[in-house]
There are 2 protein chains.
Amino acid sequence: MSEELMTIRQMCDAFSVTPRTLRFYEARELIFPERRGQHRLYDRRDRARLTLILRGKRFGFSLEEIRQLLELYEPGGANHAQIAATIDVARQRLDDMERQYAELGEAIVDLKAQISEAENRLTTETKDKLTG
Amino acid sequence: MSEELMTIRQMCDAFSVTPRTLRFYEARELIFPERRGQHRLYDRRDRARLTLILRGKRFGFSLEEIRQLLELYEPGGANHAQIAATIDVARQRLDDMERQYAELGEAIVDLKAQISEAENRLTTETKDKLTG
DNA sequence: GTCTTACTTTACGTTCGCGTCAACTTTACC
DNA sequence: GGTAAAGTTGACGCGAACGTAAAGTAAGAC
């Protein structure tokens, strides 16, 4: 267990996904588990990538966008031009994320206000009944 | 023009959506334009709702979730129990949004670090070529 | 050895959020 | 009143991200 390999079931339990999902991500070339015979085995690297995949999904990125971003987290392999291209992609995503961050902050403030306003309506309505 | 009514085309141009999209939102009961004869006419309220719809979509909410949230922004009509239920939904959404906000902040820091690291790899590679 | 259990591939099905015709009706303009 | 522009209602199509059933394999338990 020098590499802390996990079976597909252990992965599913750990990350709350289904086997279908993991195989789907593999088909889309987002993760590359080893094969011991026919079975898949996931190592630390696969788990790190899956964490990033699930995070990306929560932010509304498509699997293809996530795949491109993951290249940025890979140490070697790509050539100069590829790295540069990936950086460009990443910078655009970063812009999107920062815009989304700001907007989300506003929306939170907004929603909070709406909630307390609605709460006031409730208590006021109650008071009306009591004093009416 | 006391209510600043807009045709579907004007709406599409103003919000960068297609007529199909607006009719789809109407079918899902997210907006309720008036009818002048057969044609739809959108007022200030419809535009406000559409703004919230598009914002919600950017945050990854489904149209059904958005529909529920929109009830919160509606002044009258609902009864006590309905308002209370809507507030519950809203609070859960708010939790999600705040979690997402925090996580997005981390992801931004993370991605920035990855980008500058990748940039360093580029410049280092260049230096290697120059000094090699 | 066979039974169970975990895993595999293949492949068709499903939901969401619209796109894209097709066929009609209005409305605007001359 | 004819015609073009804008709008209308179906209805089917489509890509993304899986769900799900079918059928096969491989390894350990007894």
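Here is how names work: the chains are called A, B, and so on, in the same order as the sequence lines, proteins then strands, and each is numbered from 1. Just so we're clear, the structure is a prediction, and the values are computed from it rather than from any experiment.
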Chemist: With nearest nucleotide decided by heavy atoms, which residue, B/Arg40 or A/Leu63, maps closer to the 5′ end of DNA chain D?
Modeler: B/Arg40
Chemist: How many whole angstroms separate atom CZ of B/Phe61 from atom P of C/dC16?
Modeler: 17 Å
Chemist: Got a sec, which residues hit ring-ring contact (aromatic ring centres under 6.0 Å, His included) with B/Phe24, two or more places apart in sequence or on another chain?
Modeler: none
Chemist: Quickly work out the A/Arg67 CZ to D/dA17 C1' distance and round it to whole Å.
Modeler: 16 Å
Chemist: Report yes if the side chains of B/Leu54 and B/Val17 come closer than 4.5 Å at any heavy-atom pair, otherwise no.
Modeler: yes
Chemist: Could you work out, with salt bridge (Lys or Arg N to Asp or Glu O under 4.0 Å) as the rule, every residue matching A/Arg20, not counting sequence neighbours?
Modeler: none
Chemist: Restricting both atoms to N or O, compile the protein contacts to nucleotides 4-6 of chain D shorter than 3.5 Å, with distance only.
Modeler:
none

Chemist: Tell me, do B/Phe32 and B/Arg40 make a side-chain contact under 4.5 Å, heavy atoms counted?
Modeler: no
Chemist: Could you work out, with side-chain hydrogen bond (donor to acceptor under 3.5 Å, both in side chains) as the rule, every residue matching B/Gln100, not counting sequence neighbours?
Modeler: none
Chemist: Find the distance B/Glu64:CD to C/dG17:P and express it as a whole number of Å.
Modeler: 9 Å
Chemist: In a table with atom names and distances, give each donor-acceptor pair under 3.5 Å that connects a side chain of residues 7-14 of chain B to protein atoms at least two apart or in another chain.
Modeler:
unit_1  : atom_1 : unit_2  : atom_2 : d
B/Thr7  : OG1    : B/Arg9  : N      : 3.3
B/Thr7  : OG1    : B/Gln10 : N      : 3.2
B/Arg9  : NH1    : B/Asp13 : OD1    : 2.9
B/Gln10 : OE1    : B/Thr7  : N      : 2.9

Chemist: Tell me, please, which residues at least two apart from B/Ser116 pass side-chain hydrogen bond (donor to acceptor under 3.5 Å, both in side chains).
Modeler: none
Chemist: Can you list everything that forms a salt bridge (Lys or Arg N to Asp or Glu O under 4.0 Å) with B/Arg49? Sequence neighbours excluded, please.
Modeler: B/Glu74
Chemist: Which of residues 20-33 of chain A sit near DNA chain C, with a heavy atom under 4.0 Å from it?
Modeler: A/Arg20, A/Arg23
Chemist: List in chain and number order the residues that pass salt bridge (Lys or Arg N to Asp or Glu O under 4.0 Å) with A/Arg28, two or more places apart in sequence or in another chain; answer none if no residue qualifies.
Modeler: none
Chemist: Considering just the side-chain nitrogens and oxygens of A/Thr18, establish if one lies under 4.0 Å of OP1 or OP2 belonging to D/dG19.
Modeler: yes
Chemist: Would you mind reading off the distance between A/Leu41 atom CG and D/dA27 atom C1', rounded to a whole angstrom?
Modeler: 14 Å
Chemist: It should be established whether B/Lys57 places a side-chain nitrogen or oxygen under 4.0 Å from OP1 or OP2 of nucleotide C/dC16.
Modeler: no
Chemist: Across the strands shown, which category fits A/Arg35 at heavy-atom distances under 4.0 angstrom: base, sugar-phosphate, nothing?
Modeler: sugar-phosphate
Chemist: Bend across the helix from C/dG1-D/dC30 to C/dC30-D/dG1, to 10°, with axes taken over 5 pairs at each end?
Modeler: 10°
Chemist: What residues, two or more places apart in sequence or in another chain, satisfy side-chain hydrogen bond (donor to acceptor under 3.5 Å, both in side chains) together with B/Lys57?
Modeler: none
Chemist: In chain order, what residues pass the side-chain hydrogen bond (donor to acceptor under 3.5 Å, both in side chains) check against A/Glu65, with sequence neighbours excluded?
Modeler: A/Arg93
Chemist: Using atom CG of A/Leu54 as one end and atom P of D/dA17 as the other, report the distance to the nearest whole Å.
Modeler: 13 Å
Chemist: Rounded to whole angstrom units, what separation is found between the CD1 atom of B/Ile66 and the C1' atom of C/dC18?
Modeler: 14 Å
